[in-house]
Asker: 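Below are the structure tokens for one structure; questions will follow.
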Amino acid sequence: MIFTINREKKQKRVKKTKWEDWRWQIKHTIKTLQQFENITGIKFSDEEKQVLENTIKKFPLSITPYYLSLIDLNNFKTDPVYLQSFPSPKEMNVYKHEMPDPLHEDKDSPAPYLTHRYPDRVLLHVSNLCSMYCRHCTRKRKVGDKDSIPVFEELEAAFKYIENNKKIRDVLLSGGDPLMLSDEYLDKILNRISLIPHVEVIRIGTRMPVVLPYRITNSLIKVLKKYQPLYINTHFNHPRELTSSAKKALAMLANSGIVLGNQSVLLSGVNDCPRIIKTLCQKLVQNRVRPYYLYQCDLSEGLTHFRTPINKGIEILESLIGHTSGFARPTYVIDAPGGGGKIPVEPNYVISHGTNKVILRNYEGIITTYKEPDYYEATFCDRDCISCKLQLNLDEANKFSTIGIEKLLSDTDKTISLIPSVNQRLKRRKKIKKNDKR
Ligand SMILES: *Cc1c(COP(=O)(O)O)cnc(C)c1O
């Protein structure tokens, strides 16, 4: 195997066994401009270097030799791999609306390394390390922090929190990249979580199949296989990333019974094109990976040049829905700034409503009528599932409680509006009440 990235034919020969050894790849990760220039033969002017050095000081550089080898050196300035991994001076432009932690992950953290946002699932940051630093990272604030992986004892508070919250049925390992941990350590963490009786599924979010597919080894598979049902979400953004090595890694995971999903980020200049996303999605399902989310780029600092209007995402979804397999389309989501969680957005298909009719349009532009039943025997829901004619037959059913919009739709809850607690009108009311001594 040749380290084929030098244009000037000073090709460095690396044995295949070494090249495909993930630890070799990590050890030889490209972290400086000098290394990048030496390996690729690309030369930057002194002026460019100065700006790039400043950028790297703020947002460090790290590219695995494997991922670097995917860059088309004859066309690198618009190369999707280059754009995702090599710093742009534009990252230094931080705008007023950008935030270090737009999703308030640190504010929603009840225990170190844990983010608890939704009722039934949590995010556990088991590693602060990544093999490649995505330039569009939403956790850019953490990139280049002192690289660290919490020791087992440091995670205990998070484990305890999960143990004490019976509603948590889904634990998502994230980071950094959880697959930066050794097989043994990952095994220990997965084992600890799997022993919590109310945890029904474990998920891992990792970009290894994309940036370092050799991390998917037989010994890793042996560990992962033990923790079914296990879901792995990876992060392909462009069809070019689906190389034979990546495909092999995905096949190893799928063959071992792991359910695979993909989370892409919509990135200007990289994949903001219906044909690119469609090709990507179709190639993913061909490799047994379900497109899961397509993210609108977050409001993290220094990402403005990557951001598209939301309408771009809607346009892309318009080209997927109906046009290709239903399981080949991701849900397009905006992760709410301020920590509201993911909000799905898609084109409108409902055109109008009559008393018992809904007018819809399809992907071809055909306008159609759906006649609703004139008579529908609605089941009054008082949350007493035991005596309901619909047979849920679950002991837990009684404990059901409603949150948010669901509350407004419920038959029994008296709430008729949801009012933000920091609403100005309410503040005024309080003030009024205080002053009103009648
Ligand atoms: C994305 C996310 C999850 C998982 O959300 P799903 O929609 O279930 O995939 C959980 N917690 C946090 C904090 C998240 O950002």
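Side-chain atoms are counted along with the backbone in the values below, which use heavy atoms only and exclude waters and symmetry mates. The first residue in the sequence is number 1, and the count goes up from there. Each ligand, and each atom within it, is numbered from 1 in the order the structure gives.
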Asker: Going by atom types alone, do Asn233 and His235 pair a side-chain donor with an acceptor below 3.5 Å?
Answerer: no

Asker: Under a 4.0 Å threshold between the charged nitrogen and the carboxylate oxygen, would Glu318 count as salt-bridged to Arg361?
Answerer: yes

Asker: Does any pair with a residue in residues 314-353 pass ring-ring contact (aromatic ring centres under 6.0 Å, His included), and if so which ones, sequence neighbours excluded?
Answerer: His323-Tyr363

Asker: Please tabulate, one pair per line, all N/O donor-acceptor pairs under 3.5 Å involving side-chain atoms of residues 300-307, not counting sequence neighbours.
Answerer:
| unit_1 | atom_1 | unit_2 | atom_2 | d |
| --- | --- | --- | --- | --- |
| Ser300 | OG | Thr138 | O | 2.9 |
| Ser300 | OG | Thr138 | OG1 | 3.4 |
| Thr304 | OG1 | Glu98 | OE2 | 2.3 |
| Thr304 | OG1 | Arg307 | NH1 | 3.2 |
| Arg307 | NE | Asp298 | O | 3.1 |
| Arg307 | NH1 | Glu98 | OE2 | 3.1 |
| Arg307 | NH2 | Glu98 | OE2 | 3.2 |
| Arg307 | NH2 | Asp298 | O | 2.9 |
| Arg307 | NH2 | Ser300 | O | 3.2 |

Asker: Select all protein residues for which some heavy-atom-to-ligand 1 distance is less than 4.0 Å, and list them by chain and number.
Answerer: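 Those residues closer than 4.0 Å to ligand 1 by some heavy atom are Thr115, Arg117, Tyr118, Arg121, Leu123, Leu172, Arg203, Tyr292, Tyr293, Lys342.
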
Asker: Show the atom names and distances, to 0.1 Å, of all donor-acceptor pairs under 3.5 Å that link a side chain in residues 335-342 to residues at least two apart or in another chain.
Answerer:
none

Asker: Tell me whether the rings of Phe86 and Phe36 are parallel (<30°), tilted (30 to 60°) or perpendicular (>60°).
Answerer: tilted

